[in-house]
Amino acid sequence: MLEKKARILIVEDDEDDYVIAKDYLEELDEYKFTIDWVATPNEALKKLELNQHDICLLDYQLGAHNGLTVLQKATEMQCRVPIIMLTGQSDKVLDKAALDAGAVDFIVKSELDGPRFARAIRYAIARQEVQKERLERINVETQIRSKDRFLAHLSHELRTPLTSILGYTELLLDSDKAQPVCHELNIILNNGKHLLSLLNDVLDLSKIAAKKLELTPTTFNLNSFMADIYTLMQVAANDKGIELTLVSTTALPEEIHCDPTRLRQVLINLIHNGIKFTDSGKVSVSVSAKLENNQYTLFFEVVDTGKGIPTEAIDKIFQPFEQVEDTISRKETGTGLGLAISSELANKLGGGIAVKSTEGKGSCFTLSISCPNLAGTKLCYLSLHRKVTGEKIAAITPLSGRVLVVDDVADIRMLIGHTVKTFGLNVDFAENGKQAVEKTLSSIEKGHPYVAILMDIHMPEMDGKEAVVEIRKRGVKQPILALTAANMKGVKENLQTLGFDNLVSKPIDKMLLYKHLSLVINAKTTTKCAPQEQVNLQQIEKQPQYFMLVEDDIDAAQITQILLESLGVKVEVVHTAQACREKLTSRKNWDKILVDVHLPDENGLELAKYLSTQNRSKEIVIVSGAEIENAAITSHGASRAILKPLNKEKLLELTL
Ligand code: ADP
């Protein structure tokens, strides 16, 4: 039998009685006791104060003193050691007094050789163990809570200055003044963005370590998903002059159920590494599926012809911050966190990452994930049909007007938006079909309709097909182009029947996108439209929106104000909650109040709650450097939270 260890304090002024108690304790063979003995109340209290014992046996009669006084004092000083009172003879009044004073039990000394004593000891120890476990649990929970709070705080504190760094740099890059220092500004911008991605990585790692990383699985179209990744990675491959291919080597389920954000994160990390560590040659991605026990395993194999990894380093690269080469001597940038996060994510997605590599020849990383076999899902091959036009984009005639880009993937939205801007067009964004409908209608109401809408098909909330039907139902005639990876026969006709003007194949080819856009914009934008637009624009300018910005960081407040003003918004900036309360009544109605969560004099959420009761603002928006749960946002009267660093795109969304 396993012996349990316990530390016992015996408070007894008679040495013979102490020896008897000690002997009987040692007879209880299921325990191994460490016994401390003291004879006076003072010594007893000194020991009890330390809370180091699992049990205390306290004699009722300590010379001239009464054991009850020791018991009362121990209880007063919140001693956690269970105390069993030892008495000379059974006395009901005394026993009750002992229990009332905080003893867990009482034993007559003549019972020390009997089962009652053994039982009392066993109960007291069990009770102490439960108590210890509870305390340990509370300790761990408190530690996790304070670590979470620390990380949320750190994230906020780091993102706030990044707003200024990235914001001012982008602002300068947009202006004519930047020309002579464009190169240096781009270095600042890239490093700022790198810092932001590093911050995101560290937060991911800490979430994984605290087992707080939750997946959000949804059902999505695999072909379209892979086309987006291909479009994004194509930019990096083109920049390095490396060929990137993507094929399926078996038929794949058309739709899969998995967390698309996390799967994309892992795939992008693997493909990006392939491109990063390959100087010439190619990176080939192939996808295959295996069905077993009604469960799919999908394999994504990323093969590169790059520098490879020495055998002895292969295990190391999955450890956080581990890189094959010395960070200082090598030319590639990176943190060494990507694979550590990716392999944890791959495990969570029901699979893992395997790697084979030959130094000097190249590497092969295989990601496997597990997905349920969805009833009724068709099987098909990836169809990433991509026409390479080879035409130089420099030859284009600039287009004018504002285009709405609708896609649920932020990176893709930004990429397409960026491409569209290079055609001379202005851009608005929507994340799903519902937002697209709202923004389209409101742009018409404001007399400033979009010259074209670029609409992804597979999106959560409301997909592109539903959105186009809804938009056409309202009599909107603006050209709408579908962005889709599906190029099977009949798809185009189907989409046109729903109300799309045409489709642009994903992965997006810049020249083809330009051709499609210029075709629909030139066909539908009549010159008559222009003066009308200008009149309406002037009207809009006469009625600017009024925002109040509550932000204690002076630099972040200033760049946010500049960006908002560049969008035609009138902004009042205050740096404290108190100043916000005072400023609130200076206008009857604010269009929006943007509240930073960390303010010097009050929690931003509490301020939001107060503001929501004052009915002086159409909308309250929380600005935060850490993610905030939806329930917390709405319970404090705010409608949404935006994550720092703020930039023009995020602010533009607020003005629409
Ligand atoms: P990072 O790329 O930011 O350094 P990762 O965790 O993604 O971090 O990768 C860790 C290290 O593994 C890299 O620094 C590199 O030394 C090595 N590595 C990863 N992928 C490849 C690859 N495809 N070819 C060669 N080395 C690689």
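Counting starts at 1 for both ligands and their atoms, in listed order.
Less than 4.0 angstrom separates some heavy atom of Ile309 from each of these atoms of ligand 1: 25 (C), 26 (N), 27 (C). Taking every non-hydrogen atom of Lys276 and a distance limit under 4.0 Å, the qualifying atoms of ligand 1 come out as 1 (P), 2 (O), 3 (O). Counting the atoms of ligand 1 from 1 in the order shown, those under 4.0 Å from a heavy atom of Asn269 are 7 (O). Heavy-atom contacts of Gly308 reach the following atoms of ligand 1: 25 (C) (cutoff under 4.0 Å).
Evaluation of the salt bridge (charged side-chain N to carboxylate O under 4.0 Å, His left out) rule for Asp428 yields Arg402 as partners, not counting sequence neighbours.
For the side chain to side chain contact (heavy atoms under 4.5 Å, CB included) criterion with Leu483, the lone passing option out of Ile457, Ile412, Ile416 is Ile416.
Taking the six-membered ring for Trp and thresholds of 30 and 60 degrees, Phe225 and Phe220 have ring planes inclined between 30 and 60 degrees apart.
Of the heavy atoms in Asp304, only side-chain atoms (C-beta onward) come closer than 4.0 Å to ligand 1.
Look at Phe365 and you'll find a heavy atom under 4.0 Å from some atom of ligand 1.
Annotation for Gly433 and Met459: closest pair N-CE, 3.7 Å, computed over non-hydrogen atoms.
Every N/O-N/O distance between Ala340 and ligand 1 stays at or above 3.5 Å.
Side-chain contact annotation: Asn269 with Ser342, donor-acceptor N/O pair under 3.5 Å present.
Counting non-hydrogen atoms of neighbouring residues, nucleotides and ligands closer than 6.0 angstrom, the NZ atom of Lys650 exceeds 12 such neighbours.
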